[in-house]
Amino acid sequence: MEQLKKLYTETTGLGIVSCTALPSAGSNRRYYRIQGSDGSTLIGAVGTSRDENHAFCYLSSHFSMQRLPVPSVLGTSQDGLRYLQTDLGDMSLFAAIKGGRDAGGRYTKGEKDLLHRTIAMLPRIQILGARNLDFSQCYPQESLDETNVLFDLNYFKYCFLKTTGLDFHELKLEASFQLMARDIVGIPGEAFMYRDFQARNVMLDAEGNPFFIDFQGGRRGPVQYDVASFLWQASARYSDQLREQLIDTYLENLSQYVEVNAKAFRHDLNLCVLFRILQVLGAYGFRGYFERKQHFVESIPGAMDNLRQLLADGGCPYPYLREVLTALVQMPRFAPQDTKPIARADGYKVTESNPYKAHPSDGPATFSRYDGKGPLVVRVYSFSYRKGIPEDTSGNGGGYVFDCRSTHNPGRYEPYKQLTGLDEPVIRFLEDDGEILSFLDSVYRLAEAHIHRYLQRGFTNLMFSFGCTGGQHRSVYCAQHLAEHIHRLFGVEVHVCHREQGIEQVMPAARCMIFAAGLGTRLRPLTLTMPKALVPVGGKPLLQHLLSKLKASGFRDIVINVHHFADMIEEWCSQHPQEMNIWFSDEREALLDTGGGIRHAEPLLHDAVDGFLIHNVDIISNADLRALSHYAKGKSAVLLVSERQTSRYLLFDDDMRLVGWTNIDTGEVKSPYGNLDAGKYRRLAFAGIHYMNPSLFRYFPLWGDRFSVIDFYLSVCDKETIHGYVQEGLKLMDVGKIGCMDSAEEFLKECSS
């Protein structure tokens with residue numbers, strides 16, 4: 001933030017009155033409205049990719065020279081991560097046509113006029129914008145090619161299609177994708193393809209004139225793609241008649257710049273519509289199911305409706321792909337919303353409060369819960385009393401409402417008027433004053449006791465709301481801090497909504513998969529009559545010890561794979577409630593090894609956006625699981641390792657990145673780096689506890705049903721960030737051997753001391 005402010009003062013020579021964060025959209029860039037001492041405003045952008053920022057700045061400059069309606073870039077930082085652009089206001093085309101969407105696609109004349117005016121200008125940026133354009137400056141590539149198309153199609157396959165559990169033939173689908181990629185790239189076109197041309201990326205000035213933003217992903221390509229992107233936007237709900245009218249408007253204006261063959265255009269447009277729908281479904285799957293962003297989940301039904309209509313109109317010319325997509329739109333979960341069923345095949349009810357709607361519900365019941373209750377979801381709101389108390393969307397009639405107006409109001413002071421309770425100056429003001437901290441202490445005690453009882457009783461929804469005068473400072477601060485406190489303490493899923501600021505956030509429940517399916521052969525004769533997970537240590541089953549540790553570490557969503565005496569594990573969980581949400585991944589038919597077990601449970605794990613813990617049930621330790629999960633953020637996987645003596649070691653470089661494996665007794669070495677010299681690397685023993693990010697699931701199709709997770713890690717460590725984690729003072733015992741049982745109880749006491 002300070003570097004952005006410095007860029008502003010150096011560029012404009014003005015002082016700064018305020019710097020306000022704007023609601024984030026789908027990208028990783030953050031935007032701020034900066035008001036200068038002369039009253040004018042600019043937009044400051046902070047990105048994470050220099051190349052992407054450079055593409056936007058170059059294209060903006062080029063388009064401005066062509067007198068196209070885009071924001072001007074007024075200054076860029078030396079590191080390329082920040083830039084300043086003209087402020088186009090707050091009214092997007094998406095917001096301006098909201099009434100038509102809410103009315104089921106019945107757009108007013110004024111809304112239709114805006115749509116016609118916008119699409120009439122599209123050929124200007126596509127054709128005029130391409131003149132003298134150096135496409136090598138585009139990001140991440142200068143032209144749409146087959147690799148690019150296949151990337152998006154596989155994005156759809158891995159991030160959406162596979163999450164449904166729908167069975168399909170990988171090679172046949174890949175052949176369809178290859179044909180489609182060839183046909184897409186074969187569409188004639190030397191235009192600038194905007195690539196993300198949609199109503200959210202069009203701003204309207206005071207006179208309603210469209211201005212285009214977020215074109216940094218554009219490149220050379222066919223003009224039809226942008227038309228498909230705009231007119232088949234999932235949430236738009238345009239009627240067939242309106243689409244046809246808008247296409248006519250587009251073609252009329254396109255013909256001013258190039259010769260148009262309307263029949264050929266419409267043929268190629270249908271292909272681009274199919275491609276665009278699959279591309280956005282992949283994005284919705286990743287951003288919605290994996291990153292848990294509700295806006296993207298809510299867009300899926302609209303995209304499925306578009307796909308259903310396209311198939312009905314014969315819009316997919318590839319037989320096997322058409323077969324797969326037809327089966328997809330016929331799945332019960334994607335039925336038109338008015339007739340959408342709410343019963344899962346395994347009897348677990350799907351409700352609007354249940355975040356696991358994406359789990360398999362259309363095939364065999366290989367996943368089940370121990371109690372039939374949904375997980376607890378806590379919703380925390382900030383609001384302005386002037387606009388009323390937030391509605392309880394769960395249908396439970398509301399929850400706690402706290403009035404923050406008794407505390408000191410920073411909004412009364414000029415320096416804070418344009419800021420919110422999320423901004424550092426306001427936070428310092430409130431905490432230095434101290435009133436808000438005393439207020440929240442009382443709220444915390446009440447909330448903790450209530451959540452504890454809700455977890456015991458299996459309730460699924462709890463709501464807290466904080467109100468103040470404007471819903472900007474005190475209420476925002478309190479709501480955010482309570483949400484973070486609850487998530488940190490209980491590990492449950494928390495939804496935060498700062499209503500008046502238009503900011504929403506989901507803090508997902510911490511999740512763990514417990515390996516409990518093994519035969520426990522080393523624990524015989526105990527495991528001849530019971531599963532390893534229920535072998536008692538200190539009067540309690542191993543599973544109970546582990547669940548208690550997980551609960552104390554903030555984990556609330558638990559997946560347990562079962563095979564040997566599976567019924568006994570399920571029965572024990574049903575008779576011993578743990579204030580946790582427990583699912584079972586059924587491997588009764590065949591043991592799948594560690595990697596295969598994770599792959600089989602993928603539908604229960606794929607939406608753990610921050611990753612999930614994996615813990616062997618027969619490991620007892622004093623491991624700090626919170627510290628491990630914190631270290632794992634941003635990494636593909638993290639393995640807890642130690643310097644204990646063994647014959648088999650993992651090998652790590654100086655940055656603790658996994659490079660290989662060795663057996664010191666046989667001299668065997670495994671590594672994706674070829675003939676690795678094991679002696680040059682750090683040797684550490686795996687502890688049976690690790691953290692995995694769902695992003696690794698995209699490699700699973702290359703493996704069979706049964707494989708070792710360590711072999712899997714070794715195969716991808718040259719492409720992904722697989723790290724080792726050493727905890728100082730780690731105490732760990734593998735209780736999987738009968739000879740360890742006598743000392744296990746004493747070891748438990750030692751770990752807890």
Side-chain angles (χ1 to χ4, degrees), residues 512-553 555 558-573 576 578 580 582 584-588 591-598 600-601 612-625 628 639-642 644-648 650 684-692 706 708-710 727 730-752:
C512 174
M513 180 174 184
I514 298 175
F515 284 149
L519 299 174
T521 53
R522 296 180 301 163
L523 281 173
R524 290 176 178 171
L526 294 175
T527 50
L528 293 175
T529 57
M530 70 176 69
K532 176 171 57 176
L534 298 186
V535 169
V537 174
K540 296 180 182 179
L542 283 169
L543 179 60
Q544 186 171 357
H545 288 297
L546 178 52
L547 289 174
S548 297
K549 181 177 179 64
L550 290 170
K551 182 166 65 175
S553 301
F555 290 85
I558 310 297
V559 176
I560 305 175
N561 70 338
V562 292
H563 171 81
H564 186 54
F565 290 113
D567 292 345
M568 292 180 67
I569 297 177
E570 293 177 348
E571 181 66 18
W572 183 90
C573 288
H576 298 80
Q578 301 294 313
M580 306 170 89
I582 298 178
F584 298 102
S585 179
D586 195 336
E587 297 181 24
R588 284 177 172 87
L591 272 173
L592 302 175
D593 206 343
T594 50
I598 298 170
H600 184 68
F612 54 93
L613 182 72
I614 305 164
H615 202 300
N616 292 358
V617 75
D618 53 4
I619 295 294
I620 299 174
S621 76
N622 67 344
D624 186 340
L625 301 181
L628 175 63
L639 287 64
L640 182 65
V641 291
S642 67
R644 65 182 174 87
Q645 297 297 310
T646 182
S647 60
R648 293 171 294 181
L650 295 173
L684 294 164
F686 180 46
I689 304 171
H690 45 128
Y691 220 90
M692 180 184 287
R706 189 178 190 277
S708 159
V709 72
I710 293 298
Q727 178 186 313
L730 177 67
K731 301 175 183 178
L732 184 141
M733 174 181 280
D734 180 350
V735 197
K737 303 175 184 177
I738 194 69
C740 297
M741 299 308 296
D742 293 338
S743 57
E745 184 173 351
E746 191 61 33
F747 186 80
L748 265 175
K749 295 177 182 177
E750 184 181 345
C751 284
S752 60

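The shown structure was predicted, so the numbers you read here are calculated from the model rather than taken from an experiment. Numbers for residues simply follow the sequence, beginning at 1.
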request  = Nearest 0.5 Å please: distance from the CG atom of Asn616 over to the CE atom of Met513.
outcome  = 10.5 Å
note = Nearest heavy-atom approach of Leu528 to Phe565 is O-CZ, 3.4 Å
ask   = What pair of heavy atoms forms the shortest contact from Ala533 to Pro541, and how long is it?
value = O-CB, 3.7 Å
key: Reported CG-to-NZ distance for the pair Leu534 and Lys532, which is rounded to 0.5 angstrom   = 12.0 Å
ask   = If you round to the nearest 0.5 Å, how far is CD1 of Ile569 from CD1 of Ile514?
value = 9.5 Å
Results of side chain to side chain contact (heavy atoms under 4.5 Å, CB included) for His563 - residues two or more places apart only = Ala517, Leu519, Glu587, Leu591
ask   = If only atom types and distance count, is the side chain of Lys549 paired as donor or acceptor with the main-chain N or O of Ala623 below 3.5 Å?
value = yes
ask   = Taking only residues two or more places apart in sequence or in another chain, which ones pass side chain to side chain donor-acceptor pair (under 3.5 Å) with His690?
value = Tyr713
query = Do the side chains of Cys573 and Phe584 get nearer than 4.5 Å, heavy atoms only?
reply = yes
request  = Write down the atom of Phe686, the atom of Val641, and the distance for their closest heavy-atom approach.
outcome  = CA-CG1, 4.1 Å
note = Between the CH2 atom in Trp572 and the CG atom in Leu547, the distance rounded to the nearest 0.5 Å is 5.5 Å
task = With side chain to side chain contact (heavy atoms under 4.5 Å, CB included) as the test, would you mind laying out the steps for His600 and Asn561 before giving the verdict?
result = CA-CA 9 Å; His600 184 68; Asn561 70 338; over 6 Å; no
query = Are the side chain of Asn622 and the backbone N or O of Leu730 linked by a donor-acceptor pair below 3.5 Å?
reply = no
Heavy-atom closest contact (Val617 atom, Leu542 atom, distance) = O-CB, 3.8 Å
key: Straight-line distance of Leu546 CG to Ile560 CD1, nearest 0.5 Å   = 8.5 Å
request  = Pick out which of Asp593, Ile598, Asp618 makes a side chain to side chain contact (heavy atoms under 4.5 Å, CB included) with Phe515.
outcome  = Ile598
query = Is there a side-chain contact between Val559 and Phe612, using heavy atoms and a 4.5 Å cut-off?
reply = no
message = Go through it in stages, so that I can follow the logic: the residues are Leu625 and Cys512, the test is side chain to side chain contact (heavy atoms under 4.5 Å, CB included), and I'd like the CA-CA distance, side-chain angles, deciding distance and then a yes or no.
response = CA-CA 10 Å; Leu625 301 181; Cys512 174; over 6 Å; no
request  = Decide yes or no for Leu639 and Leu684: does some side-chain heavy atom of the first lie under 4.5 Å from some side-chain heavy atom of the second?
outcome  = no
ask   = Residues in side chain to side chain contact (heavy atoms under 4.5 Å, CB included) with Arg644, at least two apart?
value = Ser642, Thr646, Ala685, Leu732
ask   = Counting distance only, does the side-chain N/O of Gln727 pair as donor-acceptor with the main-chain N or O of Asp624 below 3.5 Å?
value = yes
query = For the atom pair OG (Ser708) and CG (Leu592), what is the distance rounded to the nearest 0.5 Å?
reply = 13.0 Å
ask   = Who passes salt bridge (Lys or Arg N to Asp or Glu O under 4.0 Å) against Arg588, sequence neighbours left out?
value = Asp567, Glu570, Asp586
inquiry  = Between Thr594 and Ile614, is the side chain to side chain contact (heavy atoms under 4.5 Å, CB included) condition met? List the steps.
reply    = CA-CA 10 Å; Thr594 50; Ile614 305 164; over 6 Å; no
